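Quick caveat, the model's predicted, so the values are computed rather than measured. Whatever order the structure lists ligands and atoms in, that order sets their numbers, starting from 1.
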Amino acid sequence: MSRFLFAAMFCCLLSPHVYTQPNDTWYNLVGSAYIDNASYEMLGRLCDEAGGRLMGSAANDRALEIMMEELQSLEIPARYEEFTAPGWTRGNDIVRVESPFKRTLRAAALGYVEGSEVQATMFYAAGGHRPVYDSLSTTIHGKIALVTQERIQGEDQLLRYEVIDIAAEYGAAAVLFINDKSGGQVLCGVSNFEGRPSRIPAYSITYEEGKWLQRLLERGTEVAMTISTESKCSEVVSSNIISTLPGRSGKKIVIGAHFDSWDVGHGGVDNGQGTAILFDVARLLTRFSPNNRHTLEFVWFNGEELGLWGSRKYVEAHRQDPILAMINMDMTGTPRGFNAMGFNELIPMLERIHASLKGYNLDRGVTSNPWTNSDHMYFMFEGIPTLTLHAHLEKSMYQHYHDFGDTFDKVDKKYLSDAAAVISVLGYELANQPERAFPRYTQEQIKTLLIEHNLEDRLRRQGEWKFGD
Ligand SMILES: [Zn+2]
């Protein structure tokens with residue numbers, strides 16, 4: 001062993017740079033997050049000037065341009081990274097009751113729905129399970145299934161993809177999903193996770209109109225409907241936006257948020273909030289912590305709502321990159337704590353940060369409960385430690401997500417500062433930890449982590465279980 005190498009190793013052992021104590025950088029990051037709040041105005045432009053940012057749409061392309069302009073104006077270097085993915089365009093779809101009286105329903109086609117006109121009567125299929133169809137005395141073929149999204153006691157709730165497949169198997173012509181919450185919300189979502197055209201048209205309808213139809217059917221009243229679907233699937237070229245702040249080690253920490261939103265609203269909260277917080281985090285770290293041990297990569301993922309396309313493609317394209325950890329922000333509000341997502345080795349560091357941020361109400365502490373179906377999922381599958389924030393959103397923010405009411409007026413300016421302050425401190429700390437703080441999990445360890453946290457069943461059902469039997 002050379003004397004140099006020995007000295008270098010000794011140095012490493014003596015000075016592991018485990019800060020996790022407030023220093024001048026912390027004060028700069030937190031102070032500027034509140035004093036400057038650079039993200040609120042930017043988000044206002046995104047929502048109000050571009051509209052709902054569905055991947056592949058003109059609105060999404062316009063929003064990408066606005067974000068790029070805004071990043072450039074703050075001298076934050078950024079680039080597009082293109083990818084192709086299955087896209088989908090919402091057409092002028094009509095879901096209309098013809099009898100007992102005419103009424104056009106408030107309805108939203110699920111992503112990847114296309115199809116021709118359906119004129120048929122309707123039947124009530126409860127939660128959409130097979131035994132319901134088997135027990136129906138009338139013929140199902142060519143009719144429209146009305147399915148509730150409310151939890152039915154003693155029954156496992158099916159995923160919407162499963163409901164559609166079962167209905168198609170029994171010959172139904174379309175499915176209408178009754179939203180489980182009242183208040184006129186239609187909950188947008190996708191009809192399947194693979195981005196393939198849905199087997200039959202499927203729509204989300206409101207609780208109020210759905211319950212009305214359910215009552216009619218339960219009373220034996222015939223309900224006739226017309227559904228005309230102009231929505232269409234097509235491959236699209238879209239982009240993630242990436243900003244890289246190079247570090248010394250050549251390894252990197254990814255901080256991500258999805259940029260796209262559903263089209264019926266403007267994506268103010270989902271995920272305008274994550275988009276805006278990440279914007280400010282990139283500004284804060286570029287300005288106040290330009291020299292770090294590890295590279296920080298800020299990624300605005302596109303196409304999350306249609307099936308995590310941007311993060312899937314990023315993980316595919318960067319499989320060889322030495323990524324140490326990933327932080328994901330999806331509908332992030334004011335911080336309440338940290339989630340180590342099953343990567344328990346990160347807990348002590350998170351606890352030190354948690355204990356040092358005394359002015360925050362981080363009452364949910366540091367937990368370690370992984371969840372799936374947002375942009376961290378494919379990083380997690382690769383064994384990369386992922387982190388999320390526990391955060392609080394107002395009820396009004398949840399009430400409108402994936403719907404018409406998800407607009408800029410729902411965004412809380414202070415929440416953006418709260419989260420930008422905490423996430424920038426977290427990003428700074430991660431970027432300066434020794435590499436050993438981030439153990440990469442093997443496929444076997446990830447499999448165990450997912451099984452231990454009861455995620456296997458859900459992943460199998462959506463066709464995302466890649467860890468063998
Ligand atoms: Zn989201």
Student: Restricting to N/O/S, name the atom of Asp270 that gets closest to the Zn ion (ligand 1).
Tutor: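 For Asp270, the N/O/S atom sitting closest to the Zn ion (ligand 1) is OD1.
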Student: The Zn ion (ligand 1) and Glu304: any N/O/S contact shorter than 2.8 Å?
Tutor: no
Student: Yes or no on salt bridge (Lys or Arg N to Asp or Glu O under 4.0 Å) for Glu297 and Lys252, after CA distance, side-chain angles and deciding distance?
Tutor: CA-CA 7 Å; Glu297 193 145 277; Lys252 69 182 171 186; 2.7 Å; yes
Student: By atom name, which N, O or S atom of Asp330 is the nearest to the Zn ion (ligand 1)?
Tutor: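 Within Asp330, restricted to N, O or S, the Zn ion (ligand 1) is closest to atom OD1.
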Student: Evaluate the criterion salt bridge (Lys or Arg N to Asp or Glu O under 4.0 Å) for residue pair Glu394 and Lys410; output intermediate values, then yes/no.
Tutor: CA-CA 9 Å; Glu394 300 305 324; Lys410 306 299 181 305; over 6 Å; no
Student: Taking all heavy atoms of Ala340 and all of Leu346, pick out the closest pair and write down the distance.
Tutor: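 Heavy atoms of Ala340 and Leu346 come nearest at CB-CB, 4.5 Å.
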Student: Taking the six-membered ring for Trp, are Phe177 and Tyr203 ring centroids under 6.0 Å apart?
Tutor: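 Judged by ring-centre distance (under 6.0 Å), Phe177 and Tyr203 do not meet the cut-off.
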